[in-house]
Structure formats: C-alpha cells, structure tokens
There are 2 protein chains.
Amino acid sequence: MTRRVRLSDVAALAKTSTKTASRVINGHSRVGSDTRARVEQAVRDLDYRPDPLARSLRRGTDDTIGVVVDEVSDPFFASVIGEIERMALDRGMTVIIASTQRLADRERIVVDGLLQRRVAGLIIASISDDHAHLRSAPCPVVFIDRAAAGLQADAVLVDDRAGARMGVDHLIAHGHRRIAYLGDRLGIDTARYRLDGYRESHKVADIPVREEYLIHMEPSLADGRHITEDLLALPEPPTAVFSANTRCSLRVLPTLHRMGRTDVAFVSFGDFATFEALTPPVTVIDHSPESIGRLAADRLLRRMAGEELAAKTMTTPLHLVPRGSGEVAP
Amino acid sequence: MTRRVRLSDVAALAKTSTKTASRVINGHSRVGSDTRARVEQAVRDLDYRPDPLARSLRRGTDDTIGVVVDEVSDPFFASVIGEIERMALDRGMTVIIASTQRLADRERIVVDGLLQRRVAGLIIASISDDHAHLRSAPCPVVFIDRAAAGLQADAVLVDDRAGARMGVDHLIAHGHRRIAYLGDRLGIDTARYRLDGYRESHKVADIPVREEYLIHMEPSLADGRHITEDLLALPEPPTAVFSANTRCSLRVLPTLHRMGRTDVAFVSFGDFATFEALTPPVTVIDHSPESIGRLAADRLLRRMAGEELAAKTMTTPLHLVPRGSGEVAP
DNA sequence: CCGCTATGGGTAATCGATGTCAAACAACGC
DNA sequence: GCGTTGTTTGACATCGATTACCCATAGCGG
C-alpha cells in the first residue's frame, strides 16, 4: 500500500483532464482514440483503481450486495450465503453480510446501516413483521426464507406449512400420535407457519395438539439438552419429534443419542451432511439452501441490471427423504 | 428512505455552521452549551445520521472490520465469524466478510478490495504464502488459522503439528499401522503442518508412511465418496483414517457409514455437533473456533483502539476427545 | 466566408463530512 | 484603554471521483 493513486494522477500522466480520464474508465461517450489509448496506458502504468468510496459517494450507489441473515453459523444460511457470494463474485461485486442474531431491533439498525452504505441490492431473511419502510428503498430488495410484510417484493421461500405437513403426516402415518414440535420462537414467521402445518396435520388426523409438546427455542439458548430431557420426562412423553429446522435438529439430536433414545422417531425440516450417517439415519424434509441463494441472487442481479420485473414469490421444491429415523414405530 | 438529511440541514436548523454541527456530533473540542443544545435538538428533529461513506472518505478510515476466510459455509469459519461479529457489533462496528474459495489470486483481489474500502482492521485466514504487501497495510491485521509469511503480525493459530500428532499417536497407540491421511491440498499451510505431524508420528513409531494413503482434497471437489471408496479398495486398505479438518470429515464420514465401514477407526481434527451422536461417536481433536474468533477480534479491536502491542502469536488449546471411533481396534 | 452541427475535451460544482486556520469575542491584568 | 490569552465559531479547502455545462475545433453546405 504505497500512496494512493488518484484519477488526477492518471490524467496528468495522460496529459488530459480528469473528466476525460473518467470517461475512458467508465466507457462513457466519445473519446478520441489516441487520447483513450494514452489514458489506458496511464491506468496500467500506475496500476490505478478507482476509489470505491469516492465513487459510491458521487454516484449514490455502490457495487455491493448486502445480505442480512439471522446468524452466519446457521448451516442453512451459511449455504445460502455461499451461493450468493459465488454468484456475486463472478460479476465482480462484493457481498457484505450482516447478522441480526434474530433480534428485530437489530435488524432495523443493520438494514439501515447497509442502505446508508448505498448497497446496490439487498437480500434479507427478515425477522421483523413490518417492511413498510423498505417500500421506498433506494435499491432492489429480495426476501429469502421469510416473506415481506406490507410490501410487494420478490421473495424466495420454502413452503413452510406444506413442509411441516409432509413431515408430521409422515410421522402420523407411521403410527405416532404423541409428536413433539421443536422450533424457533413464534415471533419468526417461518416458525409460525411450520407450527401451523404441524397443527393442520393433527387436525386432519383428528389428533389433539398437546401444548406441552410444543417447544419454542429462544435464539440465545445454547443447547438443547434440558429441553430434550424435560420433554422425555413428561408423564406421557412424545414418541416422535418434529424439528422445524436444522439448527434445532443439531442441538437436539446429540442429546437424544447421548440418552440412547433413538427409539423416539425424528424428522428434521432441513438436511445436513451427517444426518444420513446417524443410526438410524435422519429422515428429513429437504430443501436446497443453495438453490434459494441462487434464485435470490439471480433475481437481485437482474433487477440491479435494470430489468423491470413484477414482484414475484418463488418457492423452492421440497421433498421428504425417508431414511430411518422417521419410520421408527411408536 | 426519504431524501437524505445532510449535515448542512442540521446546521441550518440549528442556525450555525456545518463545522460546529460536526463538532457537536463528534464530541470534539469545546462548543458553547446553548449551541450544542440547538444542534442536538436539530439532530433529533431531523433524525440525522452521518453518511458513513462521506465520513470514511474524509477520515480515511471506516468503522468496519474486514474478515477474509476460505468459505463461509465451512463450519469452522462460520463459527469463527459468528464470534467476531458478536464482538464487533457490541462495539457498533460492521463486519464485511469476503471469501477466497481457497484461491490465492482471489485472496489478493479480495484483500485489496477491502483495503480500498479503508476497513479499520483485517482478520485474515490466508492461503497465500507471501504477505509482504501487507507490511505497510494502513490498518491492523490479525491472521487466523494460518500464520503470516514474511511479516511480523498477530496471529491466532492452532498447533497443527501437535494436533495431528495427538490424533495419529492415538490411533497408533490403539494398534493401527495402516492409517490414511485426509486433508486439503498442500498449498495450504495448515494442511502441510498437519501432514508433518502425521509423518512425525509415523517416524517416532517407526512406521513407514505409504504415499497411497495420503489424500489431498481439491477445494472444489464436491464429495468424498470416490476418495473413500478408492481408499478402501486398495490391496492393503487402511484400518484407520485421520481427517485433518472438519470439512473433510463431513465429506467422508457419511460415505464410510453408508458403506457400513465403521470398523475403520476415525479421528477428526475439528469437532462438529453431530459427531458425538454417530455410531460410534467420533473421536476428535477439539479446538474452539469461537475462542479463535474471540482472541482475534479482541486483539484487533485493541490495536484499532490505538494500543501499541508487539506482534504476538497466540495458540488455542487443543485436546483429544476420545469417543469411540478413534479407539476401534484394527 | 459565414453559420451550423458534431465531436472531443476542459472547468468547476458536487457528493457529505471533516480539518485548517483565522476571525470574533470575552475576560483578564496592567 | 490596551495588549494578551483563551474560548467559540465559521469560511474554505479537502478526501477522490463524477458530471453539468461550456468551449474549441473541424467539417459541411450555402
């Protein structure tokens, strides 16, 4: 990092004005071919690269995509982000990731912060329930995992209700009537819809829902040990567990195994590499985080390129992968 | 997002100059108490927040920490990042994450990009072998996971050689003499040192190293199926596998289980939530990604706060957690 | 030879905040 | 009353790039 090379240095070396140099660099309007050549040479000689800060300040926009998620260490989001990054970087764009730790007020701060930085586009897994303030956002916004409220916008979703129904129906079909539900706290849409699916399955099968079987994990709660132990210590313990997301599954499965309670059936909404290696292998409702990332990034990049598109909600396909843990009899 | 409120708007409302308003906002030097009050009122009335871009441009530095890792979806880095974010956000700083996909030339680009953005500090898991160009970096730099080459700098490391020795010694102590090594390609320091440890263990125990047991996975390689199958199809297949990192373990363990080959002993350098739930549970060399993140962030934040510190290399503790897979007899 | 349109290029304002420097003013001692 | 010191304050330049606006030159037809 020697002294910064500025546009004016380039212009000086090319014996022209900054304006013309700027024209060449940004490919604008007509510039004489000899002048253009001189500027290009100077750029090369000085290894000049425009200052992204100054450029954004003037242009009012940056070539950065902002991504807002709950937590990077959540394997689901980690994969989504990985895919977004891959697509963005192919196009020479930077990605800024910010996490909300599942706190609604942090989300607001974080999103505002990104907008202040004039990101060119935003991909948000929102936990807040009001996005009206994004209506006049100065850049395209794509929602992932959870839909926008009070706002027409693109969204790439998972059919939460349907997925949960698949999983719970599957357990019911295998004879279970005492099924625990494990998910995030209900403030979060995804959790609510998945719970809805759970309830619906019960209703259709005419099984009453027992409130003591519903566990809503706080974001901060470090491990699932007590939860699992308490659940199995109930006078009438569940014979099956439906876990509404990978993160919950990762917390609870180890405890279940440590307790030797693999007789409890288990279905996870969301897969993970080692799930198939457990004994019994974990039955999952699979949805591809990569394709969510890909769809979202693609949509965003197209909007950023100026395509006029109507707001659209995309849903990624789901399928049940029976592997063993979901087929254990009660 | 209505029209942007600028400092001059605040100044106008408070009937003073932009400079004075700026003084109040940044708490610099002395300002008359009545003027200060007027400015503060105006800030509140207009909901003014300084433009981070303009501020950075002028100040020459941003309140953002740049983090460079191989890949966000690597569980090890995901945890490290999670911890860095938590610490940074407590102090109101933003974190920008960029990934290199384990490509040395991308690393250079990505790092330069962050420096151009005038990040206030950098945390790098570098895969390049020359950091001389960072010697005069305009901000503090802390290396994680892999040390700096050709440069005095802080680093938070894992004792790769010692960890590998622990793991391989353990396998040897349990009677194994045919031990496969599975790691990243050797261009990466971490991989090299871990392999060194593996070799050293063999030397000490007077066991020859068989080159056909050494697997160096390419970063792009999607799954470990063929690798595992090929390894076990050798005329004299290994009776044990030492996996040099969590990512490799996550790729190989499922295949091993799918093939029903849990008679092959397995030790993983790096733990993961489900490892203890497998049958047999996975013996690991445990090192805490969170504490790496914490140490690195702490060090960086202190430097950013201006503390003068001598370059220091920190090493996080390692311990062997025997769980079963590493104690399988040959 | 004049006026008109292209074309290439320069000057200076701008984005929004902050640093420099000096003016304005009060208080103080003499 | 005057010089001195110290506190507030503001005009202006600056960070580095982009752009609105204007000017110069050449080529053209009449």
Side-chain angles (χ1 to χ4, degrees), chain A residues 1-40 42-43 46-64 112-113 115-120 138, chain B residues 1-40 42-43 46-64 112-113 115-120 138:
Chain A
M1 282 285 111
T2 43
R3 261 204 358 80
R4 191 167 280 282
V5 180
R6 305 182 301 179
L7 184 59
S8 61
D9 299 328
V10 172
L13 184 60
K15 295 196 200 312
T16 178
S17 73
T18 59
K19 170 64 191 151
T20 304
S22 168
R23 280 200 185 101
V24 171
I25 287 160
N26 295 298
H28 281 323
S29 71
R30 294 151 293 264
V31 179
S33 56
D34 46 342
T35 321
R36 150 163 296 127
R38 284 207 315 282
V39 172
E40 283 167 348
V43 166
L46 298 172
D47 185 30
Y48 168 78
R49 273 158 316 154
D51 184 319
L53 247 54
R55 174 177 269 187
S56 308
L57 177 60
R58 185 63 240 248
R59 281 202 183 144
T61 178
D62 195 0
D63 57 354
T64 296
D112 280 0
L115 290 179
Q116 288 247 337
R117 272 167 207 284
R118 303 191 180 48
V119 290
Chain B
M1 282 287 113
T2 44
R3 259 200 5 76
R4 192 167 279 280
V5 179
R6 307 183 298 180
L7 185 59
S8 62
D9 299 329
V10 173
L13 184 59
K15 295 197 200 313
T16 178
S17 73
T18 59
K19 179 55 203 175
T20 303
S22 167
R23 283 198 183 101
V24 171
I25 287 159
N26 295 296
H28 280 325
S29 70
R30 294 151 294 265
V31 179
S33 56
D34 46 342
T35 321
R36 149 162 297 126
R38 284 206 316 279
V39 172
E40 281 167 349
V43 166
L46 298 172
D47 185 30
Y48 167 79
R49 272 159 315 156
D51 184 319
L53 246 56
R55 180 176 263 187
S56 307
L57 176 60
R58 187 63 245 248
R59 283 202 184 144
T61 179
D62 196 358
D63 57 355
T64 296
D112 280 0
L115 290 179
Q116 289 247 335
R117 291 194 132 67
R118 300 185 179 58
V119 290

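Order of the sequence lines fixes the chain letters, A, B, ..., with proteins taken first and strands second; residue numbering starts at 1 for each chain. In what follows, every heavy atom counts, from backbone to side chain, and hydrogens, waters and symmetry copies are set aside.
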Strictly below 4.0 Å: does [X] bring a side-chain N or O up to OP1 or OP2 of [N]?
X: Ser17(A); N: dT11(C); value: no
X: Arg55(B); N: dG16(C); value: no
X: Thr16(B); N: dG10(D); value: yes
X: Asn26(B); N: dT18(C); value: yes

- Message: Applying a 4.0 Å non-hydrogen cut-off, can you work out what Ser22(A) is touching in the nucleic acid: base, sugar-phosphate, or nothing?
- Response: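 Base contact.
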
- Task: Mind checking Thr35(A) for me? I need base, sugar-phosphate or nothing, with any heavy atom below 4.0 Å counting as a touch.
- Result: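 Sugar-phosphate, backbone atoms only, no base.
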
- Item | Under 3.5 Å donor-acceptor, Arg118(B) side chain and Gln116(B) backbone |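 Between the backbone of Gln116(B) and the side chain of Arg118(B) there is a qualifying donor-acceptor contact (under 3.5 Å).
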
- Message: Check whether Ser22(A) reaches the backbone of Thr18(A) with its side chain - one donor and one acceptor, N or O, closer than 3.5 Å.
- Response: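 It does not hold such a pair.
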
- Closest to the Arg23(A) side chain: dT18(C), dG9(C), dT9(D)?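 Looking only at heavy atoms from C-beta outward on Arg23(A), the closest nucleotide is dG9(C).
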
Protein-nucleotide distance ([X], atom [atom1]; [N], atom [atom2]), rounded to Å:
X: Asp62(A); N: dT18(D); atom1: CG; atom2: C1'; value: 15 Å
X: Arg36(B); N: dG10(D); atom1: CZ; atom2: P; value: 14 Å
X: Lys15(B); N: dT8(D); atom1: NZ; atom2: C1'; value: 19 Å
X: Tyr48(B); N: dT18(C); atom1: OH; atom2: C1'; value: 10 Å
X: Leu7(A); N: dA17(D); atom1: CG; atom2: C1'; value: 6 Å
X: Arg117(B); N: dG16(D); atom1: CZ; atom2: P; value: 16 Å
X: Leu53(B); N: dT18(C); atom1: CG; atom2: P; value: 13 Å
X: Asp63(B); N: dA17(C); atom1: CG; atom2: P; value: 14 Å

- Message: Within the 4.5 Å heavy-atom criterion, are Arg49(A) and Asp112(B) side-chain neighbours or not?
- Response: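 Sidechains of Asp112(B) and Arg49(A): in contact.
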
- Message: If you compare all heavy atoms of Thr20(B) against all heavy atoms of Val31(B), which two are closest, and at what distance to 0.1 Å?
- Response: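 Smallest interatomic distance, heavy atoms only, reads CG2-CG1, 4.1 Å.
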
- Task: May I have the step-by-step check of side chain to side chain contact (heavy atoms under 4.5 Å, CB included) for Leu7(A) and Tyr48(A), ending in yes or no?
- Result: CA-CA 8 Å; Leu7(A) 184 59; Tyr48(A) 168 78; 3.8 Å; yes

- Message: Apply side chain to side chain contact (heavy atoms under 4.5 Å, CB included) to residues Asp62(B) and Arg117(A) and explain how you reach the verdict.
- Response: CA-CA 11 Å; Asp62(B) 196 358; Arg117(A) 272 167 207 284; 3.2 Å; yes

Taking only N/O atoms, report every protein-nucleotides 12-15 of chain D pair under 3.5 Å with atom names and distance.
residue: dT14(D); atom: O2; partner: Arg58(B); partner atom: NH1; Å: 2.6

- Relative orientation of the end axes in the helix from dC1(C)-dG30(D) to dC30(C)-dG1(D), expressed as an angle to the nearest 10° (five pairs per end):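 It works out to 70° between the end axes.
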
- Message: Once side-chain contact (heavy atoms from CB on, under 4.5 Å) is applied, do any residues pair with Arg59(B), and if so which ones, sequence neighbours excluded?
- Response: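 Testing Arg59(B) for side-chain contact (heavy atoms from CB on, under 4.5 Å), a comparison that skips the adjacent residues, returns Asn26(B), Arg55(B), Thr61(B).
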
- side-chain contact (heavy atoms from CB on, under 4.5 Å) partners of Ala14(B), counting only residues at least two apart: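 side-chain contact (heavy atoms from CB on, under 4.5 Å) check on Ala14(B) returns Thr16(B), Arg38(B), Val39(B), Ala42(B).
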
- Query: Can you name the side chain to side chain donor-acceptor pair (under 3.5 Å) partners of Thr35(B), sequence neighbours left out?
  - Reply: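 Residues passing side chain to side chain donor-acceptor pair (under 3.5 Å) with Thr35(B): none at all.
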
- Item | With sequence neighbours excluded, residues passing side chain to side chain donor-acceptor pair (under 3.5 Å) with Ser8(B) |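 Result, side chain to side chain donor-acceptor pair (under 3.5 Å) vs Ser8(B): none returned.
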
